[in-house]
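We number each residue from 1, following the sequence as shown. Every number for a ligand or one of its atoms is a count from 1 in the order of the listing.
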Amino acid sequence: MKLVQTIAEVVRETGAWRKDGERIALVPTMGWFHEGHLSLMRLARSLGSRTIVSLFVNPIQFGPREDLAAYPRDLDRDRQMAEKEGVDILFAPAAEEMFEPQFQTRVTLSTISQGLCGADRPGHFDGVATIVTKLFHLTSPDVAVFGEKDLQQLALIRRMVRDLNFNIEIVGHPIVREPDGLAMSSRNSYLTDAERRTALCLSQAIGRARETVRHSGNAVPVENLVAAAAAFIAAHAGCQVDYVSIVDRWSLVPCTAINRDSVMALAVKINGRVRLIDNGLLLPGDGR
Ligand code: AMP
């Protein structure tokens, strides 16, 4: 595996692949790899003939009061993990390599960036859309893999690729969870043992909603499911609900009734410190 840290080299390497007719699969990440990232890498390897993983803690997607400085980083560790997965290039540029001091362009999506996490993190999704656009231009992938863990990010990238006519296939990967149900996340490393146990209430709230739908049928009012989930989470000491919503998994428009594309999405702050997200379909999905 090659570690590449400059724009010139990544353009040269991926350009050579392209010339050789390789099918390039890209996995954008912010590093501090866990099994979720590794599963995306494996999927990417099965979808292309060359795999490139980007590792970049993107400063323009963090708000001024967010955890940019504290975000866990260990290039050596991540490099070894990616190498074991058979990744061909790990592209890990410095912030200055990606953003000149005069940088002033943003890719902005409208309604799809505004609800859910967008409400609490103004500018976040512009930062995501902008960096992903840059990575697409730099690496010219045929296919890019994103996790369903970041439901809004995935919907937004799909929308952007259609809107801006990127000739790139976007593939989602199901959420990878710890055995007890906690969605894997680099930010789980911020949790104390007690907070880690409390954090189980996110996946449990979704599981309870799914059970309610299974028992009562999908005629159960959406507001009741949302209220029950929010109350369940709020009953856990130290948990503050940012949002609980039930939305269409593709458009993110709020559902008025439960169907096979209805996802419960939620964000919770634990002890005012660690913000976690999770989501899940409320009926068995249609596999689209
Ligand atoms: P991050 O490094 O957190 O920006 O994540 C990089 C990619 O991995 C994104 O597409 C995430 O959605 C995906 N990802 C992170 N955690 C998980 C998980 N537990 N299951 C599936 N995908 C994940």
Side-chain angles (χ1 to χ4, degrees), residues 25-47 51-63 66-68 70-75 77-79 81-82 85 87 90-93 95 98 116-117 121 124-125 127-136 139 141 143-161 168-191 196 199-200 202-203 206 249 252 263 265-268 274-281 285:
L26 168 71
V27 184
T29 80
M30 298 204 301
W32 197 251
F33 294 150
H34 51 65
E35 187 55 35
H37 296 112
L38 303 185
S39 304
L40 266 61
M41 293 178 203
R42 275 173 225 136
L43 176 60
R45 278 197 70 193
S46 76
L47 295 171
T51 307
I52 176 160
V53 173
S54 62
L55 190 174
F56 184 62
V57 184
N58 173 29
I60 69 164
Q61 72 185 65
F62 286 77
E66 294 184 354
D67 56 342
L68 174 62
Y71 201 84
R73 293 166 168 91
D74 187 338
L75 181 58
R77 167 187 179 274
D78 284 348
R79 182 186 189 163
M81 290 170 85
E85 294 304 330
V87 168
L90 181 64
F91 176 49
M98 293 299 272
L116 307 177
C117 290
R121 306 187 70 188
H124 169 69
F125 287 111
V128 170
T130 304
I131 195 66
V132 171
T133 296
K134 284 168 70 72
L135 291 168
F136 284 175
T139 64
V143 54
V145 180
F146 292 85
E148 291 174 359
K149 158 94 191 317
D150 296 275
L151 172 81
Q152 191 168 11
Q153 170 173 281
L154 177 57
L156 170 123
I157 299 298
R158 287 192 198 281
R159 184 71 260 158
M160 180 184 84
V161 161
I168 299 171
E169 184 190 349
I170 302 301
V171 175
H173 187 289
I175 300 179
V176 179
R177 296 180 180 281
E178 302 283 359
D180 61 8
L182 180 68
M184 290 193 182
S185 165
S186 305
R187 290 191 168 96
N188 291 349
S189 62
Y190 297 150
L191 299 169
R196 165 75 183 66
L200 280 182
L202 279 83
S203 56
I206 297 167
R249 66 188 294 204
L252 306 186
V263 177
L266 42 86
V268 176
V274 187
R275 185 174 182 281
L276 300 178
I277 57 173
D278 201 349
N279 70 82
L281 289 167

Do any N or O atoms from the side chain of Ser203 and from the backbone of Ala183 form a donor-acceptor pair under 3.5 angstrom?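 It does not hold such a pair.
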
So does Met30 get a backbone contact from the side chain of Asn58, meaning a donor-acceptor N/O pair under 3.5 Å?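 Between the backbone of Met30 and the side chain of Asn58 there is no qualifying donor-acceptor contact (under 3.5 Å).
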
Going by ring-ring contact (aromatic ring centres under 6.0 Å, His included), name the residues that satisfy it together with Phe91, two or more places apart in sequence or in a different chain. none

Heavy-atom count around Arg45 CZ within 6.0 Å, excluding the residue itself: above 12? no

Got a sec, which residues hit side-chain contact (heavy atoms from CB on, under 4.5 Å) with Asp74, two or more places apart in sequence or on another chain? Trp32, Asp76, Arg77

What are the atom names and distances for all N or O pairs under 3.5 Å between ligand 1 and the protein?
residue	atom	partner	partner atom	Å
ligand 1	2 (O)	Met30	N	2.9
ligand 1	2 (O)	His37	NE2	2.8
ligand 1	5 (O)	His37	NE2	3.4
ligand 1	10 (O)	Gly147	N	2.8
ligand 1	12 (O)	Gly147	N	3.3
ligand 1	12 (O)	Gly147	O	3.2
ligand 1	12 (O)	Asp150	OD2	2.6
ligand 1	16 (N)	Met184	O	3.4
ligand 1	19 (N)	Val176	O	2.9
ligand 1	19 (N)	Met184	N	3.4
ligand 1	19 (N)	Met184	O	2.8
ligand 1	20 (N)	Val176	N	2.8

With sequence neighbours excluded, residues passing salt bridge (Lys or Arg N to Asp or Glu O under 4.0 Å) with Glu66: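 Glu66 satisfies salt bridge (Lys or Arg N to Asp or Glu O under 4.0 Å) with Arg121 once adjacent residues are dropped.
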
